[in-house]
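All chains are named by letter (A, B, ...) in the order of the sequence lines, taking the proteins before the strands, and each is independently numbered beginning at 1.
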There are 2 protein chains.
Amino acid sequence: MQNASTAKGRATQARIVEGAAEVLREQGVSFTTLDDIRARANASKSQLFHYFPGGKDELLLAVAQWEADRVLADQQPHLGSLDSWESWGRWRDAVVERYERQGDQCPLGALFLQVGRSTPGARAIVTELMRQWQKQLADGMRALQAGGLVSPGFDVERCSAALLAGIQGGVSIMMSTGDSTHLKAALDNGIEQLRESARRLA
Amino acid sequence: MQNASTAKGRATQARIVEGAAEVLREQGVSFTTLDDIRARANASKSQLFHYFPGGKDELLLAVAQWEADRVLADQQPHLGSLDSWESWGRWRDAVVERYERQGDQCPLGALFLQVGRSTPGARAIVTELMRQWQKQLADGMRALQAGGLVSPGFDVERCSAALLAGIQGGVSIMMSTGDSTHLKAALDNGIEQLRESARRLA
DNA sequence: CCTTGAGTGGACTGATGAGTCCACTTTAGT
DNA sequence: ACTAAAGTGGACTCATCAGTCCACTCAAGG
């Protein structure tokens, strides 16, 4: 990605990425052309290739990174401070709300499929997102343990991985079926497991 | 889908669907052309359109249905008789094995994204698959309850939904990162929850 | 003011790939 | 055997779209 060196250039580059993200959410990757993006971003063909010399793939990757950054940001401040039952509850609601609002768009999943598993860049973005996400869940579980709210024997690694998997699956089922039942079940089930461990502690 | 009326015709039609499924798994939907499919299936362009007058979309949908049928079939006979701890364990291993072997191909997910959320057919296939899958998990959980192995208070609906979500998410994380940790965590966590409920019963 | 390079517009090209068409062959029923 | 319908081959068309190219404008530093 060719970085812009003037304010005007940076603005154009940002307009392209954000415009592209919009169009991609609306139409899906496979139905979006560079010309759609160009139109939405009020840019010209040459600007696209000026800032993303690698062409469509490079632009798509930039959009994927941009979307990935939003995923965690949208869960804050809740995700960052999961140290009480109330904060877990607020986080749960924030996740449900975010994905129900997003509806049947899965920018990241779609982008990933298009750019292809082969490209190392795409895989790195997703891997890093998952790593950070799970770490924050695990930190939250350990915070409950530290506060004496959850048994010290609670398997944080396994449960945080399972919870993350449940969220991903819940979201992808919702994409396909339009129904958020599974997402809610995964979240509630994860939290219920924590509470169960608290009850056994008492 | 125009159904064939002779044995030869049926053979050709089957060759097309299965050949298409193969190529799609290998190359991914967005990099597969009708010509790739035609070549693999030893068919000609006119045959493709003879049996799938709706063109590529219709063919893709037929492949999606074919893949969906395999998903549950591949988990049998285990999935159909989850009435003991041993059968749950065998099923768990079968799922992990199947998806690890499949690697980073997600025929169904990719197909769905390509055909598009808008088409009612695609959505129906996924919805029905999820419904059946969850039902079999729930049946298994109730079988354990009936056998006195799991507490009657165990929330079968929520847990089967969460387990299904965990599997889906585990698989999709594995697609993106190449790592099956999350899938295993989701499965083991679900089964562990059942066992926990058994311990409380004792 | 002039120069330099970043930034911009949009016409053009070339490849690709979905879908059409028609001539030909095979199959099955009478 | 005859014939009608089913099945088959593959050349051809036509639209689309990523990517190129070049002429132009603008802003900043000297």
- Please report the C-alpha distance between A/T12 and A/I16 in whole Å, then the side-chain angles of each, then the deciding distance to 0.1 Å, and finally whether the side chain to side chain contact (heavy atoms under 4.5 Å, CB included) criterion is met. CA-CA 6 Å; A/T12 303; A/I16 292 173; 4.2 Å; yes

- In plain terms, say whether B/D93 and B/R90 are close enough for a salt bridge, that is, a side-chain N and a carboxylate O under 4.0 Å apart. no

- Query: Rounded to the Å, how far apart are B/D36 CG and C/dT16 P?
  - Reply: 12 Å

- Message: Quiz question: going by heavy-atom distance under 3.5 Å, is there a donor-acceptor pair between the base of C/dG9 and the side chain of A/S46?
- Response: yes

- Item | Presence of donor-acceptor pair under 3.5 Å, side chain of B/S44 and base of D/dG9 | yes

- Query: What is the distance from CG of B/L34 to P of D/dG9, rounded to the nearest Å?
  - Reply: 16 Å

- Item | Between C1' of D/dC17 and CZ of A/F49, the distance in whole Å | 10 Å

- Task: Would you mind classifying the nucleic acid contact of B/F52 as base, sugar-phosphate or nothing, using non-hydrogen atoms under 4.0 angstrom?
- Result: nothing

- Whole angstrom value for the distance that separates P of C/dG19 from NZ of B/K56: 8 Å

- Give the rounded distance in Å between these two atoms: CG of A/N42 and P of C/dG10. 11 Å

- Should A/K8 be listed as having a side-chain N or O under 4.0 Å from OP1 or OP2 of C/dG7? no

- Got a salt bridge between A/E196 and A/R200, using NZ or NE/NH1/NH2 to carboxylate O under 4.0 Å? no

- Item | hbond_proxy B/K45 side chain to C/dG19 base (donor-acceptor, 3.5 Å cutoff) | yes

- Distance test, side-chain N/O of B/Q47 to OP1/OP2 of D/dT8, below 4.0 Å: yes

- Separation of atom CZ in B/R38 from atom P in C/dG17, rounded to whole Å: 13 Å

- Item | Phosphate-side-chain proximity, A/Y51 and C/dT8, N/O vs OP1/OP2 below 4.0 Å | yes

- Query: Can a cation-pi geometry be assigned to B/R70 and B/W66, taking NZ or CZ under 6.0 Å from the six-membered ring centre and within 45° of the ring axis?
  - Reply: yes

- Item | Salt-bridge contact B/R40-B/E18 (side-chain N to carboxylate O under 4.0 Å) | no

- Item | Position toward the 5' end of DNA chain C (nearest nucleotide), B/G55 or B/A7 | B/G55

- Figure out the CG/P separation between A/L48 and D/dC21, and round it to whole Å. 17 Å

- So, is A/T6 close to the D/dA27 phosphate, meaning a side-chain N or O under 4.0 Å from OP1 or OP2? no

- Query: Between B/Q27 (CD) and C/dG17 (P), how many Å, whole number?
  - Reply: 10 Å

- Task: Name the closest nucleotide to the B/T33 side chain, picking from D/dT8, C/dA28, C/dA18.
- Result: C/dA18

